[in-house]
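Some notes on the structure that comes next.
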Amino acid sequence: MNLQLTNLDKPFWPEGITKGDLLAYYQAMASALLPLLCQRPLVLKRYPDGIEGEYFYQKQAPPHTPPDFPRVHWHGIDYLYVKTVEHLLWIINTGAIEIHAWPSRVPRLDQPDILLFDLDPAPGVPFSQVCQAALLVKAALEKLGLVGFVKTSGSRGLHIFVPIQPGPASGQLRRALALLCQTLVQVWPTGLTTEFSKSKRQGKVYLDYLQNTTGKSTAWVYSVRPLPGAPLSWPVSWDEVEAGNLNPQQFTLHNYLQYIPQARQLWGDFFQQARSAAGLLALLS
DNA sequence: GGGCACA
DNA sequence: TGTGCCCAACGCAAA
DNA sequence: TTTGCG
């Protein structure tokens, strides 16, 4: 594939971070990111003029995509996916700041290999409450024989990714997750909610299980967020979550180099920890 | 970000 | 040679 | 049936 990077000096953040800086970040992270991203249909969220410019979503492969770029047809749309660092950088060059990927891989697009939990605090909710919520999710997963990996969302919350052995259909997993989340809300009704309407989330952490729908996507691990300060969605340890001395925006495009070794260690064996989702599905019966 | 139709 | 336009869309629950 | 929500 002929990779041509363009407009490297274009400011993508008002604070001076350029498109070239963004590309350099993803190049540096490629070896950690690619194993987790390969073969996953992508939803591009493109900011051709940086975070303060207009953005748009794009699923259908753009017409000018190189002919040999990997793509997969699904429900009438040709989704792009990546296999190599060149593919990744081509995607970033289109103005994709965040990475949005499916929790399933080619060719088993309706059989997720990852379950997602999105823990999003209502305005004013302290981050320590998000950490407590995450620990509840972790404990519940362990009872079901599953292993959760936690990361900052890069915004205000935490994400938990759970590797599973593919097989069960996404719809069935989603229904089981809905039950699990509702059970967790019963365990801590004052701290957690699955309510859609924002007005009913006051003071609580929103536990969003609807991210697990086919065709849905969440900011992927190692994503840059199009926010001031260029925060990252970055792996953290459960010990840090327990200690509660974590800032969800402490990892940024400015300081990530020092955190790379720990991140590799934390998420390096992600797929080795994949377990059967049978215990989770048993909640449905 | 870039191709396209148009003016 | 310049300008505008396009680029996603599913499921759930409350109203 | 539409609307808010992500």
- Query: How long is the line joining CD1 of A:I77 and C1' of C:dC10, in whole Å?
  - Reply: 11 Å
- Message: Heavy atoms within less than 4.0 Å of DNA chain D: which residues of residues 194-201 of chain A have one? Give them sorted by number.
- Response: A:F196, A:K198, A:R201
Among [options], which is the nearest nucleotide to the side chain of [X]?
X      : options              : result
A:H64  : C:dC12, B:dG3, C:dA9 : B:dG3
A:Y57  : C:dA8, D:dG6, B:dG3  : C:dA8
A:R46  : C:dA9, B:dG1, D:dG6  : B:dG1
A:Y206 : B:dG1, C:dA9, D:dG6  : D:dG6
A:D208 : D:dG6, C:dA8, B:dG1  : D:dG6

- Going by the ring-ring contact (aromatic ring centres under 6.0 Å, His included) test, name the single residue among A:Y222, A:W220, A:F149, A:F271 that passes it with A:F161. A:W220
Check: residues 186-195 of chain A side-chain donor-acceptor pairs under 3.5 Å, at least two apart:
| from | atom 1 | to | atom 2 | distance (Å) |
| --- | --- | --- | --- | --- |
| A:W188 | NE1 | A:T190 | OG1 | 3.4 |
| A:T193 | OG1 | A:E195 | N | 2.9 |

- Message: Categorize A:D120 for me: base, sugar-phosphate, or nothing, with a 4.0 angstrom heavy-atom threshold over every strand shown.
- Response: nothing
- Considering residues at least two apart in sequence or located in another chain, which fulfil the side-chain hydrogen bond (donor to acceptor under 3.5 Å, both in side chains) criterion with A:D21? A:T18
- Task: Name all residues meeting the side-chain hydrogen bond (donor to acceptor under 3.5 Å, both in side chains) criterion together with A:E15; count only those two or more places apart in sequence or in a different chain, and write none if there are none.
- Result: A:H254
- Item | Qualifying residues under side chain to side chain contact (heavy atoms under 4.5 Å, CB included), relative to A:T6, sequence neighbours excluded | A:K19, A:N93
Listing, residues 130-148 of chain A side-chain donor-acceptor contacts under 3.5 Å, not counting sequence neighbours, or none:
| from | atom 1 | to | atom 2 | distance (Å) |
| --- | --- | --- | --- | --- |
| A:K138 | NZ | A:E142 | OE2 | 3.1 |

